[in-house]
Number of protein chains: 2
Amino acid sequence: MRVTPQRAHVWQILAESGAHLGAEEVWERARDALPGLELSTVYRALEALREANLVVESRLSEGPALFEANASSHPHLVCERCGGISHPEASPEVARGLLAALAAGSGGFEVRELHVVARGLCPECVRREEETVPVTDAS
Amino acid sequence: MRVTPQRAHVWQILAESGAHLGAEEVWERARDALPGLELSTVYRALEALREANLVVESRLSEGPALFEANASSHPHLVCERCGGISHPEASPEVARGLLAALAAGSGGFEVRELHVVARGLCPECVRREEETVPVTDAS
DNA sequence: CGGCTTCTGCTAATAATTAGCATCTGCATG
DNA sequence: CATGCAGATGCTAATTATTAGCAGAAGCCG
C-alpha cells in the first residue's frame, strides 16, 4: 500500500482518537490539516487501511459504518439509550472464550474474523433507568 | 400491531423460507400473491415485525440488511468466499456461552441483545481451497 | 355498521457509498 | 537525482438502501 498524506492522516485520526468514527467524522477532522480533502478519498483510504488490517470496520448500529484503529476484532457494547460504544473490560478473554466456543460448535467452519455486538444499557443508563422506575418490574 | 395481508405475507415468507432475506427479496416473493405490493410497504412491515419481535434484522455483510423469522438472536457464520450464511450446529449452547462470557466481562453493562457474526470459510469452501492450494502454507 | 386510527400505495427525498475519469504523485529504479 | 509508471487523488455523477409525506383505503373496537 502506498503511503500518502491523506492515508496517514486518516490513520492518525483514528489511532489518536481511539474512537469509533464514521467516514464523515474522519473527513471533518482530517480537513483541518488537509483542506482540499475529499470525502470519497476518505472512503478509499479507509478501505485501503482495512485491507491492510490497520483499521476495523463495523456496522454497530444504524447509520454509517464505523471505523476503529485496532487490528483485532473484539466485542462491542452498544448502549441502546445513549448510543455510546464501549468495550468489555475483559475483552481479550471474552474474545478468546467466544472464539473457542464458536470453534467448538461450528463444525468445520474456519473462523477468520469475529464480530460481537452486544446491545443493551450501559452502566450509566442503567442507573438512570432505575432512578426513573425504581421498582424492579413496573408492569 | 394491526394484522394486514401485506404483513402476514411478509411474515409467512420469512417463516417458511427460514432464510436470511433482504427487503427486496421479500418483496419479489411477496408480489406473487400481492401484485400491487410496494417495496416501501415491505420495509414498513419488516420494521413492524421487528418491533413485535417476530423477525430479527442483521447487517451481516455489505449490501442490504437481512431479515430472519426467528426471535432469538443467535450466532451467524458468513462465508467470505461464497457468501453463504449458516448457523453453528450448537447455536443455543454457543449463544449461552457467549452471553455468560460477556456478562462476566462487561462490568455493569446490561446486555439485551447479542449479535455474533463469524466471518471465514464454510466447510465447502475450505475444501475447495485445499484442492487449489494443497500445501498447508504456500509462502 | 361506523368511526377512529393505522396502514398502504405512490412519489419523492435522503443517506451512505461507489464509480469514472483526468490529473497528479509516491517510490522503485536507473 | 531524474524518470517512469502504477496507483492515488480530486471532482463529479451515479447507485444503492432506506425513509418521508400525503391522500385514500381498510382493520378493529364498540
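Values reported hereafter were calculated over all heavy atoms of this structure, with side chains retained and with hydrogens, waters and symmetry mates removed.
Atom CD of E47(B) is separated from atom CZ of R7(B) by 9.0 Å, given to the nearest 0.5 angstrom.
C125(A) is not listed as a side-chain neighbour of E110(B), based on a closest heavy-atom distance of 4.5 Å or more. Taking 4.5 Å as the limit, some side-chain heavy atom of L66(A) sits within range of a side-chain heavy atom of I85(A). Between R44(B) and E38(B) there is no side-chain heavy-atom pair separated by less than 4.5 Å. Contact check for T41(B) versus V10(B): no side-chain heavy atoms found under the 4.5 Å cut-off. Using a 4.5 Å cut-off on side-chain heavy atoms (C-beta onward), C122(A) and S86(A) make no contact.
Sequence order on DNA chain D of the closest nucleotides to A23(B) and E38(A) puts E38(A) first from the 5' end. Of the two residues contacting DNA chain C, namely F67(A) and G36(B), the nearest-nucleotide position lying further toward the 5' end is that of G36(B).
Take R81(B) and apply the side-chain hydrogen bond (donor to acceptor under 3.5 Å, both in side chains) test, not counting sequence neighbours, and it matches E129(B). By the salt bridge (Lys or Arg N to Asp or Glu O under 4.0 Å) test, E68(B) pairs with no residue at all, sequence neighbours left out.
Heavy-atom distances under 4.0 Å link DNA chain C to no residue of residues 25-33 of chain A. Listed in residue order, the members of residues 46-66 of chain A having a heavy atom less than 4.0 Å from DNA chain C are R59(A), G63(A), P64(A), A65(A).
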task: Take L37(A) and H9(A), measure what side chain to side chain contact (heavy atoms under 4.5 Å, CB included) needs, and give me the verdict at the end.
output: CA-CA 10 Å; L37(A) 184 65; H9(A) 266 273; over 6 Å; no

Verdict with reasoning, E124(A) to C79(A), per side chain to side chain contact (heavy atoms under 4.5 Å, CB included): CA-CA 10 Å; E124(A) 263 187 52; C79(A) 180; over 6 Å; no

query: Between H87(B) and H20(B), does a side chain to side chain contact (heavy atoms under 4.5 Å, CB included) hold up when you go through it step by step?
result: CA-CA 11 Å; H87(B) 298 146; H20(B) 299 78; 3.2 Å; yes

- prompt: Does the side chain to side chain contact (heavy atoms under 4.5 Å, CB included) test come out yes or no for M1(A) and L49(A), once each step is laid out?
  reply: CA-CA 9 Å; M1(A) 185 187 64; L49(A) 292 168; 4.3 Å; yes

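Once you apply a 4.0 Å limit to the heavy atoms of chain A, the touched nucleotides of DNA chain C run 5' to 3' over dA16(C) to dC27(C).
If you take CD of E24(B) and C1' of dT18(D), they are 11 Å apart, rounded to a whole angstrom. In this structure, L39(B) atom CG and dT19(D) atom P are separated by 11 Å, rounded to whole Å.
L54(B) and W11(B) make their closest contact through O-CZ3, 3.2 Å (heavy atoms, listed as atom of the first residue, atom of the second, distance).
Looking at heavy-atom distances under 4.0 Å, R44(B) makes contact with a base.
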Protein N or O to nucleotides 28-30 of chain D N or O, pairs below 3.5 Å:
from, atom 1, to, atom 2, distance (Å)
dC28(D), OP1, V3(B), N, 3.1

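Side-chain N/O atoms of Q6(A) include one lying less than 4.0 angstrom from OP1 or OP2 on dG10(D). The phosphate of dT19(D) has neither OP1 nor OP2 within less than 4.0 Å of any side-chain N or O from Y43(B).
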